[in-house]
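Atoms within each ligand, like the ligands themselves, are counted from 1 in listed order. Please read these numbers as outputs of a predicted model, since none were measured by experiment.
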Amino acid sequence: MNRANNLKLLHSESFDLLIIGGGITGAGIALDAASRGLKTALIEKNDFAFGTSSRSTKLIHGGLRYLKQLEFGLVKEVGSERAVVHQLAPHLVVPEKMLLPLYEKRGFGSVLTSFGLKLYDFLAGVKPEDQRRMLTRNQTLKQEPLLNPQDVKGGAIYAEYRTDDARLTIEIMKTAVKQGARVANYCEALDFIYQDGIIGGVKAIDQLTGASLEIRATVVVNAAGPWVDTLRDLNKSKQGKRLHLTKGVHLVVAHEKFPVKQAIYFDVEDGRMIFAIPRGRTTYIGTTDTNYSGSLEEVFASKEDADYLIRAVNQTFPSIALSLADIESSWAGLRPLIHEDGKSASELSRKDEIFESDSGLISIAGGKLTGYRKMAERIVDRVMKKYFEEQFTPCTTDKIMLAGSDFKNSKEVNEYTAAVAFRLRLFGVEEQAAYLVHNYGKQTGLILAILETLENNTGVIALVKAELQFCLEHEMVLMPSDFLIRRTGLLYFNRPLLDELFIPVLHLFKEQFNWNNETYELEKAAMDHWINKTNNFAV
Ligand code: FAD
């Protein structure tokens, strides 16, 4: 709501640290730095989480697959981080048992899998009650009757967590702001400001008004994900290691079309592994891993990607006959990995790396959503040791609860959800309780308070009106896509509701931002583009 003032202050103040990029990496660094007392700023050229951080598999996971690549250090770090991130936001990072079927003719045998999962639990320090459990053939088929009885020879259940990546990024960003960070979306770094050959800030543009601004900082961190090398190029420092982008696609179908009983991680014939994860009224399936060299701004699933995933499902679950026409939605993200000669997309390491240029630009790439806190700790330790040594304090983000997360554990989340459902009954929308609490945690109370003040306050449109008001006031929502894609996930997980709400939501934006008809039509076309690009495979 006070974005203009915020940008003015970004321009007039001077910062210890400026972060470019508002994905999970940038948000994590902003929170860590601000909580250690650094005067911190962050700019994001699109909406927060516009890049890879809204297009992942949405798991807080240890990366079982990386054991195959013998990346024990990575598995230990991200595996251990799962429980920490769950503690920081128990409503948003939710335990999810994963079923791993074992087959006669592909994948690993049961002895090797049993050992691998034991190692996985050991490295990550998983509590005894959550440790892996091996299943017989019958137990596996009972757990998931859709599996092929001709093929399955057993299975295993192991512990992971699911989340919403965009919401996690936004809550980390809001927590950083609470700690004093100054952040802005739709503000792009166009060039660097140098003093005696050393970076002292950036020249930026406000994408909404076209106004230029300069932001001064002692240190600039490049956390631009797939765009990291674009900024290194601008800094003339792209030497040695470089990014290798690979695309990963997910498809969303109605749960009734692919009614898996729980999250499942299955082998496909080409040796890759794919997740199928139930979420609300849908099941999502992914991912692919292919080299990418197209536009960084327009990343969507192709018909070929969709065919591959549909075939994988139909081969593994014989009673399921998905077709392209069943795809309700999809998303595609780019992994900003570090190039290694001679390695294929799937073989590249997921470990993060830090590069520092002669002019002082610190770039960070690679890594996982799950490891955001540790990546941030490494960057801020480095910045403080080099530039602010006398102020050095250790990282405490493992103790800073994320915005909306005033819960001790999952039991409290469930109790709160039941109380919210009770209150929502008055407005005829009690079935929305779980969604609201998963998305907003205790901030649901603020949304309900807005709902109570509305004149017509029953039904789902009234609730969305209250939700939008909350997001406008607390989450820097500026465009319909910010709300319909990244704050609510409606584009991906509730197409029928999106169809019902699309025009009413556009009218609310028109009213809120005083759009003229031309702006309204432009914004409608922009959202229509997203809708078409994410489900138009059957034509
Ligand atoms: P991004 O999220 O891309 O953020 C970079 C931001 O920088 C962008 O928003 C961009 O707009 C902004 N930017 C770029 N240039 C500028 C500029 N000049 N000025 C201002 N802003 C700029 N990890 C997990 O832990 N669990 C998973 O389940 C998982 N699944 C994945 C599945 C897929 C298909 C993919 C692709 C990745 C997955 N990952 C997963 C990895 C994880 O999603 C990424 O490591 C993480 O999201 C990267 O975040 P980031 O902040 O570095 O990049």
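- Residue-to-ligand polar distances keep Trp227 apart from ligand 1: every N/O pair is separated by 3.5 Å or more.
- For ligand 1, the atoms closer than 4.0 angstrom to any heavy atom of Arg55 are 33 (C), 34 (C).
- Lys45 N, 3.0 Å is the protein heavy atom nearest to atom 21 (N) of ligand 1.
- Not one N or O on the side chain of Tyr120 forms a donor-acceptor pair closer than 3.5 Å with the backbone of Lys76.
- Leu478 places a side-chain heavy atom less than 4.5 Å from the side chain of Arg3.
- Here the heavy atom of the protein found nearest to atom 45 (O) of ligand 1 is Gly367 O, 3.1 Å.
- The ligand atoms of ligand 1 that sit less than 4.0 angstrom from a heavy atom of Gly333 are 36 (C).
- Summarising the contacts of atom 33 (C) of ligand 1 with Gly28, Ala184, Ser56, the nearest heavy atom is found in Ser56.
- In this structure, the protein non-hydrogen atom closest to atom 30 (N) of ligand 1 is Thr57 N, 3.0 Å.
- For the residue pair Ser357 and Ser359, a side-chain donor N or O sits within less than 3.5 Å of a side-chain acceptor on the partner.
- Distances between N or O atoms of Thr52 and those of ligand 1 include at least one value under 3.5 Å.
- A salt bridge is defined here as a Lys NZ or Arg NE, NH1 or NH2 lying under 4.0 Å from an Asp or Glu carboxylate O, and Lys39 with Asp16 fails to meet this definition.
- Between Thr287 and ligand 1, no N or O atom pair is found at a separation short of 3.5 Å.
- Side-chain contact annotation: Ser302 with Asp305, donor-acceptor N/O pair under 3.5 Å present.
- No salt bridge links Glu328 with Arg495; every basic N to acidic carboxylate O contact stays at or beyond 4.0 Å.
- Among all protein heavy atoms, the one lying closest to atom 24 (C) of ligand 1 is Leu369 CB, 3.3 Å.
- Checking only distances, Ile24 does come within under 3.5 Å of ligand 1, N or O to N or O.
- Checked by distance only, ligand 1 and Thr246 stay at 3.5 Å or farther apart across all their nitrogen or oxygen atoms.
- Glu297 has a carboxylate O that lies under 4.0 Å from a charged side-chain N of Lys45, or vice versa, which qualifies the two as a salt bridge.
- For the ligand labelled ligand 1, residue Arg350 lies outside the 4.0 Å heavy-atom shell.
- The closest approach between any non-hydrogen atom of Ala332 and ligand 1 is not below 4.0 Å.
- Remark: ligand 1 and Arg335 share no N or O pair separated by less than 3.5 Å (distance only, no angle test).
- Residue contact annotation: Pro336 has no non-hydrogen atom under 4.0 Å from ligand 1.
- Atom 28 (O) of ligand 1 has its closest protein heavy atom at Leu59 N, 3.1 Å.
- At least one N/O-N/O distance between Ala189 and ligand 1 falls below 3.5 Å.
- Of the polar atoms of Glu188, none of the N or O atoms is found under 3.5 Å from an N or O of ligand 1, judged by distance alone.
- For Trp331 and Phe50, the gap between ring centers reaches or exceeds 6.0 Å.
- Between the side chains of His91 and Glu171, no donor-acceptor pair of N or O atoms lies under 3.5 Å.
- Ligand-side atoms of ligand 1 in range of Lys58: 28 (O), range being under 4.0 angstrom from any heavy atom.
- Heavy atoms of other residues, nucleotides or ligands lying less than 6.0 angstrom from CG of Asp358 number 12 at most.
- Protein heavy atom closest to atom 48 (C) of ligand 1, with residue, atom name and distance, is Ser53 OG, 4.0 Å.
- Here Asp352 does not pair with Arg373 in a salt bridge; the nearest charged N to carboxylate O distance is not below 4.0 Å.
- Crowding of Phe513 atom CZ: a count of heavy atoms from other residues, nucleotides or ligands under 6.0 Å exceeding 12.
- Here the protein heavy atom with the shortest distance to atom 50 (P) of ligand 1 is Thr25 OG1, 3.2 Å.
- Looking only at heavy atoms of the protein, atom 4 (O) of ligand 1 is closest to Gly23 CA, 3.4 Å.
- Ion pairing between Arg378 and Glu77 holds under the 4.0 Å rule for side-chain N and carboxylate O.
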